[in-house]
Amino acid sequence: MAETVFFNRDLSWLGFNERVLLEASKDTVPILERIKFLSIYSSNLDEFYRVRMPVLMAVDEHIQDIDVPGNYALAKAEINRQQEQFGAIIASQILPQLAKQDIHWVYNKPIPPQITDQVVNLFFNEVLAYIYSVCIDKDLTDFFAENNKLYQLVILKDKVGAERLELINIPSESLQRLYSLGHDGNKYVVFLEDIIKHNLSYLFPNDSITGVFNLKVTRDAELKIDNGSEEDITTVLERQLETRDFGFATRFLIEPGIPLRNLYRLIYSLKLGKASVVEGGRYHNLKDLNSFPLTGKEFSYPKWPSLSSIPISEKNTLFNLILKQDLLINVPYQSYDPILRFFNEAANDVYVEEIYTTLYRVANNSRIVSALMTAARNGKKVTALVELKARFDEANNIKWAKQMKAAGVKIVYSSIDLKVHAKVALAKRVISGQEEFIGLMATGNLNESTARFYTDQILLTSHQPILKELEALFGFLSKSKKAPSLEDQIDFIHLLVAQFNLQHRFLCLIQREIDNAKEGIASGITIKLNNLEEKILIAKLYEASQAGVKIQLIVRGICCLIPGQPGLSENITVTRIVDRYLEHGRIFIFENSGNKEIFMGSADWMNRNIYSRIEVCFPLYDAKLKEIIMKIVNLQLQENAQESIYKFLKDTSTI
């Protein structure tokens with residue numbers, strides 16, 4: 001299939017980030033939530049520069065035809081356009097709306113005279129203790145511009161007119177980034193760097209200040225792990241994590257207006273010759289807007305209390321309920337408590353002898369991990385498959401792995417070449433010599449923190465054939481292999497597992513819809529994903545569209561499929577949801593001649609998920625739970641999806 005039928009993955013990702021910007025521009029969204037969407041946009045863009053830009057830069061270096069822009073150049077142009085949009089939203093929408101409520105965000109202008117005394121006191125009482133300066137013209141052997149740290153370039157002239165460049169740190173990691181000050185009933189919000197700028201004459205009393213500019217360096221975040229190393233993987237990773245923020249620079253973000261002679265001196269002195277120099281606004285690291293100092297119910301979304309869908313009587317247990325019927329939790333609309341209770345009961349149930357679970361991203365204060373350690377101390381055999389290569393969560397996972405190991409939990413790390421991205425857990429009970437399994441399978445991480453704002457589905461089940469397959473999978477995972485060998489093959493009937501049968505089964509499910517459409521039988525496909533990139537599966541969806549199968553896709557982020565193309569994808573629509581919660585669940589619905597077949601799980605359709613990870617998708621068999629998922633997905637295909645879903649689940653739940 002021609003390359004032109006696939007949309008560029010990086011431009012698609014940037015398109016998702018623009019969708020976040022669109023949410024920030026909506027006057028129907030409460031003002032503080034709009035500011036938080038700006039924060040999310042900035043955080044996403046930083047990650048793009050840390051993770052994707054190094055790849056694009058390396059590829060573009062090999063492009064010979066200067067008349068054809070590479071992906072790096074295209075991405076950079078798109079980012080520049082979005083940055084203009086970002087600034088316009090703040091200037092023309094956010095600032096005027098705040099001002100109407102007597103809230104003055106001091107943005108791109110001097111400190112107002114009515115609060116200068118407060119700003120000076122703040123500087124001397126709180127800020128000055130964290131400030132240091134570095135002369136650019138001196139030996140910088142002992143100085144390194146750290147990743148994503150803020151700096152201020154100060155251009156000085158001494159009494160004889162000699163120019164000097166000083167670099168000031170902005171200690172936002174130690175202090176608030178934004179300060180709220182009051183005067184005569186008005187509120188003023190001031191950046192830390194503007195507080196410092198206002199007081200620079202104190203730091204350089206014998207010089208004249210001719211220019212002040214804010215700077216930031218973004219560095220490559222990819223960890224380089226040698227798969228041939230014989231060292232313990234935690235040792236290798238910990239050493240790599242110590243140097244992550246010292247990777248090569250991918251972006252040098254500068255405030256506009258720096259004289260070229262000074263910019264070149266700065267680039268040379270800081271060894272940033274290979275970084276992409278990007279002119280942004282005056283302020284960088286605007287992910288810090290997440291802590292914008294604004295209080296009041298009217299500034300935020302109305303509260304949605306977590307709903308309870310599993311009432312458990314005093315004389316009953318969660319395990320007893322699961323043994324009677326499958327249970328489905330839809331977070332964050334519904335309470336995460338049953339998931340915590342699952343692990344708590346497993347840790348203390350007298351019949352549970354073994355517990356297995358995968359851990360990809362663990363909460364900082366994980367009650368799930370605490371329950372696993374309690375289970376081990378209670379004499380149960382506990383095995384945790386810990387993925388140490390979960391990007392930006394490596395250190396936290398290492399910390400918990402060490403604590404669990406000390407408590408008696410058997411820790412298994414995945415192979416360097418094969419991430420374990422599945423979100424599953426299994427409790428094995430033995431009653432009168434008979435084995436009985438109770439399991440948990442999810443679309444999202446076993447993480448009670450992210451469950452407050454990620455939309456995911458978690459199935460609690462005692463379906464023994466499914467759970468026996470899950471037990472077999474845990475047996476394979478315990479070997480930490482790079483890939484399944486012939487002796488590792490598992491005959492999965494119910495589960496779809498990447499590296500075993502997942503891609504093949506999905507292709508077969510799509511083919512069945514194609515065959516049905518050609519026979520005039522009811523057909524259709526509805527799929528919800530975070531990202532859609534893998535070309536074989538996309539090509540199969542194109543084939544289904546050409547056969548007349550109606551396909552509805554909900555894709556949050558990257559989407560390399562191009563919908564609505566005559567003769568190719570005119571039967572395919574793509575919906576993108578950005579709202580108060582982060583859409584994270586993966587759901588796959590096949591019409592199957594009117595007898596809908598539904599799967600959920602951890603797998604996006606990206607190359608990494610299909611070819612280099614262990615992913616698990618599981619079937620939904622219970623008719624009532626199928627109806628709930630169908631209702632949720634149908635609402636997600638409409639506007640105001642999340643509010644409608646909350647109302648729907650509230651009608652079927654009790655708070």
Where the side chain of S644 meets the backbone of L635, is there a donor-acceptor pair that is under 3.5 Å apart?
no
Aromatic ring proximity, centroids under 6.0 angstrom, F319 and Y351
no
Under 3.5 Å donor-acceptor, Q552 side chain and L637 backbone:
no
Side-chain H-bond candidate by donor/acceptor type, D46 with S43, under 3.5 Å:
no
Just by distance, with hydrogens left out, do Q638 and N634 show a side-chain donor and acceptor under 3.5 Å apart?
no
Would you find more than 12 non-hydrogen atoms of other residues, nucleotides or ligands less than 6.0 Å from K626 atom NZ?
yes
Taking the side chain as C-beta and beyond, is there a heavy-atom pair between Y41 and L45 under 4.5 Å?
yes
State, with a plain yes or no, whether a side-chain heavy atom of L372 is found less than 4.5 Å away from one of F343.
yes
Any sub-3.5 Å donor-acceptor pair from T455's side-chain atoms to H584's backbone N or O?
yes
Kindly determine whether H421 and N609 satisfy side-chain contact (heavy atoms from CB on, under 4.5 Å), including the steps that lead there.
CA-CA 8 Å; H421 191 249; N609 302 93; 4.1 Å; yes
Ignoring hydrogens and geometry, is there a side-chain-to-backbone donor-acceptor pair from S370 to S366 under 3.5 Å?
yes
Distance (rounded to the nearest 0.5 Å) between I589 CD1 and E597 CD:
11.5 Å
If you look at every heavy atom in L541 and I525, which pair is closest and at what distance?
CD2-CD1, 4.4 Å
Sequence-distant partners of K647, salt bridge (Lys or Arg N to Asp or Glu O under 4.0 Å), two or more places apart
E643
Under a 4.0 Å N-O cut-off, is there an ion pair linking R9 with E533?
yes
Tell me whether K596 is salt-bridged to E591, with the criterion being a basic N under 4.0 Å from an acidic carboxylate O.
yes
Is K26 salt-bridged to E23, going by a charged N under 4.0 Å from an acidic O?
yes
Between K518 and I514, does the side-chain contact (heavy atoms from CB on, under 4.5 Å) criterion hold? Intermediate values first, please.
CA-CA 6 Å; K518 290 179 177 178; I514 293 172; 3.8 Å; yes
Going from CZ on F506 to CD1 on I527, what distance comes out if it is rounded to the nearest 0.5 angstrom?
7.0 Å
Steps toward side-chain contact (heavy atoms from CB on, under 4.5 Å) verdict (L323, R429)
CA-CA 12 Å; L323 289 168; R429 307 171 94 205; 3.5 Å; yes
Residue pair F500 / P484: nearest heavy atoms and the distance that separates them:
CZ-CG, 3.7 Å
Are L38 and L21 close enough that some pair of their side-chain heavy atoms sits under 4.5 Å apart?
yes
So, does E513 use its side chain to make a donor-acceptor pair with the main chain of N592 at under 3.5 Å?
yes
Checking S569 side chain against G564 main chain: does a donor-acceptor pair fall under 3.5 Å?
yes
Here the gap from D10 atom CG to M53 atom CE, rounded to the nearest 0.5 Å, amounts to 8.5 Å
Taking the inter-plane angle between the rings of H494 and H463 on a 0 to 90° scale, is it parallel (under 30°), tilted (30 to 60°) or perpendicular (over 60°)?
perpendicular
Please determine if E471 and K468 form a salt bridge, counting it only when a charged side-chain N lies under 4.0 Å from a carboxylate O.
no
Closest heavy-atom contact between L359 and V369?
CD1-CG2, 4.2 Å
Counting distance only, does the side-chain N/O of N501 pair as donor-acceptor with the main-chain N or O of L495 below 3.5 Å?
yes
Cut-off 3.5 Å, side chains only: do E534 and N607 have a donor facing an acceptor?
no
Which pairs with one or both residues in residues 544-569 pass ring-ring contact (aromatic ring centres under 6.0 Å, His included), sequence neighbours excluded?
none
Salt-bridge test for K481 and E487: reply yes if a basic N is under 4.0 Å from a carboxylate O, no otherwise.
yes
Residues E345 and T317: closest non-hydrogen pair is OE1-CB, 3.6 Å
So that I know where these two stand, are F648 and Y333 an aromatic pair - ring centroids less than 6.0 Å apart?
no
Smallest heavy-atom separation, S462 atom then L467 atom, equals CA-CD1, 3.8 Å
Do you know which two heavy atoms are closest between I629 and M600, and how far apart they sit?
CD1-SD, 3.7 Å
Please say which of F7, W605, F6, Y542 ends up in a side chain to side chain contact (heavy atoms under 4.5 Å, CB included) with L561.
Y542
Measure from the side-chain N and O atoms of S480 to the backbone N and O of Y413, and report whether any donor-acceptor pair falls under 3.5 Å.
yes
So, taking the atom named CZ in R613 and the one named CZ in R608, what distance separates them when rounded to the nearest 0.5 Å?
4.5 Å
Is the closest side-chain heavy-atom distance between Q546 and L568 below 4.5 Å?
yes
Step by step, would you call R512 with N516 a side-chain contact (heavy atoms from CB on, under 4.5 Å)?
CA-CA 6 Å; R512 185 180 63 193; N516 287 345; 4.0 Å; yes
Of all residues at least two apart in sequence or in a different chain, which pass the side chain to side chain contact (heavy atoms under 4.5 Å, CB included) check with A442?
K423, L440, I458
Separation of R576 CZ from C559 SG (nearest 0.5 Å)
7.0 Å
Is the backbone of F474 close enough, under 3.5 Å, to the side chain of S478 for a donor and an acceptor to pair up by distance?
yes
If we only count heavy atoms from C-beta on, is the L537 to I610 side-chain gap below 4.5 Å?
yes
Charged tip of R556 within 45° of F16 ring normal and under 6.0 Å:
yes
Given the options E435, E436, E353, K428 meets salt bridge (Lys or Arg N to Asp or Glu O under 4.0 Å) only with E435
Using only atom types and a distance under 3.5 Å, with no angle test, would you say the side chain of Q636 pairs donor to acceptor with the backbone of I577?
no
Within the 4.5 Å heavy-atom criterion, are M441 and I466 side-chain neighbours or not?
yes
Are F618 and L459 close enough that some pair of their side-chain heavy atoms sits under 4.5 Å apart?
yes
I want to check something: taking the side chain as every heavy atom from C-beta on, are I510 and F590 in contact at a cut-off of under 4.5 Å?
yes
I need the L509 CG to K540 NZ distance, nearest 0.5 Å.
11.0 Å
